[in-house]
Amino acid sequence: MSRVIVVGNGMVGYKFCEKLRSRSKEHEIIVYGEEPRPAYDRVHLSSYFSGSTAEDLLMAPVSWYVENNVELFTSELVIEVNRENKTVKTHTGKVDHYDYLVLATGSSAFVPTVEGVERHGVFVYRTIEDLNQIIDYGKKVKKAAVLGGGLLGLEAAKALLDLGLETHVIEFAPRLMPRQIDDTGSAVLAHKLSQLGITIHLNKNTKKIAGNGKLEGLEFTDGSSLAIEMLVISAGIRPRDELAKANSLKVNPRGGVMVDDHLRTSDESIFAIGEVAVHNNMVYGLVAPGYEMADIVARQIIGEPSKLFTGFDMSTKLKLIGVDVASFGDPFGEITPSIPIAFQDKRNGVYKRINISEDGKHLLGGILIGDASQYNIFHQMVVNKMPLPAQPESLIIGSPGKNEPEGAGVKSLPDTAQICSCENITKGDLVSQITEHGATTVDDLKKKTKACTGCGGCTPMVNDILKITLESLGHKVKKTLCEHFEYSRQELYDIIKVKGIKSYDVLLNSVGRGDGCEICKPAVASLLSSIWNELIAEQDTIQDTNDRYLANIQRGGTYSVVPRIAGGEITPGKLMAIGRIAQKYGLYTKITGGQRIDMFGARVDQLPEIWEELIAEGFESGHAYGKALRTIKSCVGSTWCRYGVQDSVSFAIFIEDRYKGLRAPHKLKGAVSGCIRECAEAQSKDFGIIATEKGWNLYVGGNGGARPQHAKLLVNDVDTETCVKLIDRFLMFYIKTADPLTRTATWLNKLEGGLDYLRDVIVNDSLGIGEELEMEMKELIANYHCEWKKVVENPELRERYKHFINDDEPDTTLAFVEMRDQKIPIDWHKK
Amino acid sequence: MNYELPMINSNNETPQMDLTNNISKDTDVKIWFKAARVEAFPENGGACVRYKDLQIAVFNFTRRNEWYACQNMCPHKMQMVLSRGMIGSHQGEPKIACPFHKRTFSLKTGECLNTDECAITVYPVRIENGYVHIGLTA
Ligand SMILES: Cc1cc2nc3c(=O)[nH]c(=O)nc-3n(C[C@H](O)[C@H](O)[C@H](O)COP(=O)(O)OP(=O)(O)OC[C@H]3O[C@@H](n4cnc5c(N)ncnc54)[C@H](O)[C@@H]3O)c2cc1C
Ligand code: SF4
Ligand code: SF4
Ligand code: FES
């Protein structure tokens, strides 16, 4: 059987091994990779900054190569190819014979010849080693810049920003991402980026990287300069064609190994794939085309007829930067005559442009900035030449999808539409898995087709296809909780209430099946407490670990303790009590974002003792561990502040005491500000109250977190009593109807009819359920108890707070290090 | 207290698990470690027991009248927490979900059910005279 040598173990080289091995067990596969580790996911390289480890990024663990009989040599550079003898030679002197040679050497970062590029502090952004160096160097400096405002450059800039550096982006062209977006798009993007804290410099030609050994600044041809201490160069890529060049394979004058439609180089037995290949004068700097090339070559080597490589769509969506950016098809409408339609909303930083064919029938391409939620569907419309609606402008004007049923977009796609470009899965492939092979969940589809397992960008579409296909099969698609309950959360709410069910086991026995799981247990636990508000410790094993131990689990496996400090108001005496207790148990203390104090590092066996001491000082549980009401933040308001028009602290304390312990589909936060200056940031909360001269304005559905959203004004100038009544109704309505783990913001976004409908129900009582909601809330409030107190007072419950049940010793593997005079757990992994 | 001495306690070394094969069959068992009384374990839930320096998570599937045991350490971030996770089933297969990031592992094979995370070691469990015994291979 023939022997295949792959040079380069990058994303594409790895994919090739996977594809070849899945088709043939016989071929010998030998891989030489220059990097010290097996192939990793370069596309998600930046997630290395946000906590992914090098292992997390691996395409496959070392064991994969062993199990699949792929012989991998890492840290081994191929330096020579002898085409006559069909051998390669590595830098260690090893010589190896091949029948087929696959060049997957990728590319390196292009470093322009500017005076001073060799200085300390100048980096590129391509490998894990590069990132390690950037992280290390970044600790020593404050100001950094990225040379190049393209796709990768902006990603690198975000990474620098996340490292806490003052970040600049230098671009030679008059706009950002010059190859993907137009001037208006660039302006909108630049504005958004500057809001994030990235300074953009356009039209700058760097003349010199100044400094004395180490980098001190940049000098530009227009005479201006910029003082920085670190530079990341992201000025494009340079295919690594040095092997090919040395062996007189045909290379492109601008770099890259020339290949034909079979991905063959000028030597019959040598293929080139991925970023090193030049097809039709194009280098494809994306993974999807690389994977397609890998597939085509694998098929040819085993002698299977294969389609030809005929080019690839270069549509892209920028990830990670905090601003949506997408460009698809022909973004500038220059390839064929077209008519652009554009929409710009300066207030929200949204720009959308579509280019339609002159006859108005087809979408040719476009640009989306600020809101790229339609990217997938537009991209599909271009690739599949789908007919446009009569008023194409309706595509980009008005909020997308509002008036359409969920998933309607994918219905019109042809079966040949490629949905997952990483794995080349078409709509037809997915549909046949559902109609013929019984797939009923996204998980099934992932397992059977590998869709969604690459960049993950196609997951929403796969979801939609699943949904509409199941529907077309006559399955009633319900939002079922999980495999154990064929009901939605709202249906379970009614079942529990009507049947008077009080425990998980009874519910599972009567309407569920199997043993439950980590999805339905906490969801049902939350429902039970939202309906009955009984002690959760009675059913501890169905609670998430935080609720099971009434504290928040933290790195290392210890817990943190947060007593309630309503409205953020605390007496000096109580402050001292917290200090004393924290000191006694050696806890790390920190002020939280919700105006209270978090004490970290308590062992599970210490929790009841700590609570006991806190309770003795007049504290109670803060429910920081629960999907429950957390805090009502407040500003000092009219009691101290010279602008205040109402007593915001008193109102915040009243509200927090009213709803404390209230369990909901997700955590709940509120705030009260004493005037329109809004110092308590009430508009970022699930419900926020802002004082006016005449009373209170009530806002609902705000959110901080990963996707911040401003709360919306529900009513204005209401008196205190009305305000409380409306909050009662709002919270209860949310608790009864939201899906599990859905914050009020998402719930409201999905609520049919939106804010107007909500106002109708809550304020105008259009459903006539207002009083019922108030009554239900009243019962919950009446059932409030401090969960810590219940445990402290109950020896049997207390007994459960131990690490080992056969030994009174605490966990001996816990380990801490000191930082700024307090303890913190040692790093993940370092045990 | 529920503390019981191990039944066989001849050598004082930490047992070495055979990690190449993470499922030890009853026949490979060299020691049946008497861990604690049945009542010490929560119903439909888990607890951690200690055997010398080894931490073992033991799960009481009261509904199915079955017991399972596995290493207490979650291989994802090397945290000693699996015993505090939620038990459940995936198409009938008993499983445990790590409380940290909800990786789930089969309690029959130790295999990770939702990502490529490496497998965990599982141990056979036997109930005798009201005591939970865990089968160790060394
Ligand atoms: C930060 C970043 C973000 C990105 N984001 C995206 C994105 O969002 N979407 C997208 O589609 N693409 C993205 N890309 C591009 C994508 O990563 C590349 O297209 C892809 O990695 C190309 O794969 P490859 O195997 O051809 O090359 P590489 O992954 O570069 O692998 C080539 C390997 O060959 C080795 N090698 C080279 N010469 C030799 C030799 N002589 N002997 C032995 N080994 C050798 C190299 O060391 C390297 O390990 C991104 C790239 C970066 C750097
Ligand atoms: S919101 Fe108004 S009342 Fe409250 S602190 Fe700010 S300025 Fe003062
Ligand atoms: S506290 Fe919140 S934001 Fe901070 S690291 Fe944890 S999850 Fe992330
Ligand atoms: S530590 Fe267990 S899943 Fe992350």
Side-chain angles (χ1 to χ4, degrees), chain A residues 51 53 55-56 58-61 63-64 443 446 453 482-484 504-505 508-509 513-522 525 539-546 548-549 553-559 604 799-800 802-809 811-814 825-831, chain B residues 1-5 33-37 40-51 53 55-56 58-64 66 72-74 76-81 83-100 102-104 113-118 132:
Chain A
T53 61
E55 278 115 281
D56 291 339
L58 286 187
M59 302 290 294
S63 57
W64 180 89
D443 256 3
K446 271 190 196 172
T453 57
C482 63
E483 63 171 271
H484 307 102
Y504 175 82
D505 280 339
L508 188 61
N509 287 338
R513 56 161 179 255
D515 302 286
C517 66
E518 70 284 0
I519 295 168
C520 59
K521 284 180 173 178
Q539 297 184 60
D540 62 334
T541 57
I542 61 165
Q543 313 289 342
D544 256 319
T545 192
N546 286 356
R548 181 168 176 188
Y549 293 103
I553 197 165
Q554 303 291 0
R555 258 178 358 107
T558 59
Y559 289 84
V604 71
E799 180 68 5
R800 295 182 192 163
K802 287 171 57 171
H803 187 75
F804 298 111
I805 58 161
N806 62 341
D807 193 326
D808 279 338
E809 285 294 300
D811 180 3
T812 48
T813 65
L814 292 177
I826 60 163
D827 270 1
W828 296 117
H829 281 313
K830 284 208 182 137
K831 274 186 185 168
Chain B
M1 240 0 16
N2 297 311
Y3 183 61
E4 295 291 327
L5 283 174
F33 164 51
K34 185 174 176 185
R37 289 201 65 82
F41 295 85
E43 291 195 353
N44 290 309
C48 179
V49 301
R50 167 177 179 167
Y51 173 65
D53 276 341
Q55 299 197 10
I56 303 171
V58 180
F59 302 100
N60 177 2
F61 280 66
T62 326
R63 292 174 58 82
R64 347 177 2 146
E66 286 170 3
N72 193 33
M73 187 178 75
C74 177
H76 176 221
K77 296 283 185 188
M78 313 293 164
Q79 303 282 304
M80 287 293 186
V81 285
S83 61
R84 296 183 212 161
M86 268 179 270
I87 62 168
S89 64
H90 174 64
Q91 280 150 19
E93 179 109 345
K95 66 170 185 176
I96 172 67
C98 173
F100 269 103
K102 298 276 160 69
R103 299 274 197 281
T104 55
L113 296 172
N114 41 13
T115 60
D116 286 340
E117 205 59 67
C118 62
V132 175

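When each of B/K95, B/R84, B/R64 is scored by its heavy-atom pairs under 4.5 Å with chain A, the top score falls to B/R84. Counting heavy-atom pairs under 4.5 Å between each of A/D540, A/L508, A/V604 and chain B puts A/L508 at the top.
Closest approach of A/G557 to B/Q79, counting heavy atoms only: N-OE1, 3.5 Å. Residues A/N806 and B/A35 approach most closely at CB-O, 3.4 Å, considering heavy atoms. Contact detail for B/G45 and A/T541: the closest heavy-atom pair is CA-CG2, 3.7 Å. Nearest heavy-atom pair across B/F100 and A/Q554 is CZ-O, 3.2 Å.
Between B/I87 and A/K521, some side-chain heavy-atom pair lies under the 4.5 Å cut-off. Side-chain atoms of A/P522 and B/M86, non-hydrogen and from C-beta on, do get closer than 4.5 Å to each other. A heavy-atom distance below 4.5 Å is found between the side chains of B/R63 and A/N509. Put simply, the side chain of B/P42 reaches to within 4.5 Å of the side chain of A/R548, judged on heavy atoms. Counting only heavy atoms from C-beta outward, the side chains of B/M73 and A/T813 never approach each other to under 4.5 Å. Side-chain atoms of A/T53 and B/K77, non-hydrogen and from C-beta on, do get closer than 4.5 Å to each other.
To the nearest 0.5 Å, atom NE2 of residue B/H76 and atom CG of residue A/D56 are 5.0 Å apart. How far CD of B/Q55 is from CG of A/D807: 10.0 Å, rounded to the nearest 0.5 Å. Rounded to the nearest 0.5 angstrom, B/Q91 CD and A/E483 CD are separated by 5.5 Å. Between atom SG of residue A/C482 and atom NE2 of residue B/H90 there is a gap of 11.5 Å, rounded to the nearest 0.5 Å.
Only the backbone of B/E43 comes within less than 4.5 Å of a heavy atom of chain A; no side-chain atom from C-beta onward does. Proximity to chain B involves both the backbone and the side chain of A/E518, based on heavy atoms less than 4.5 angstrom apart. B/T104 touches chain A through its side chain: at least one heavy atom from C-beta onward sits under 4.5 Å away, while N, CA, C and O do not. With a 4.5 angstrom heavy-atom cutoff, A/D443 does not touch chain B via any of its atoms. Using a 4.5 Å cut-off between heavy atoms, A/I542 touches chain B through its backbone atoms (N, CA, C, O) alone. Using a 4.5 Å cut-off between heavy atoms, A/Y504 does not touch chain B at all.
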* Apply side-chain contact (heavy atoms from CB on, under 4.5 Å) to the pair A/H803 and B/C48, showing each step before the final yes or no. => CA-CA 6 Å; A/H803 187 75; B/C48 179; 4.1 Å; yes

* How far apart are the C-alpha atoms of B/N44 and A/Q539, what are their side-chain angles, what is the distance that settles it, and do they pass the side-chain contact (heavy atoms from CB on, under 4.5 Å) test? -> CA-CA 10 Å; B/N44 290 309; A/Q539 297 184 60; over 6 Å; no

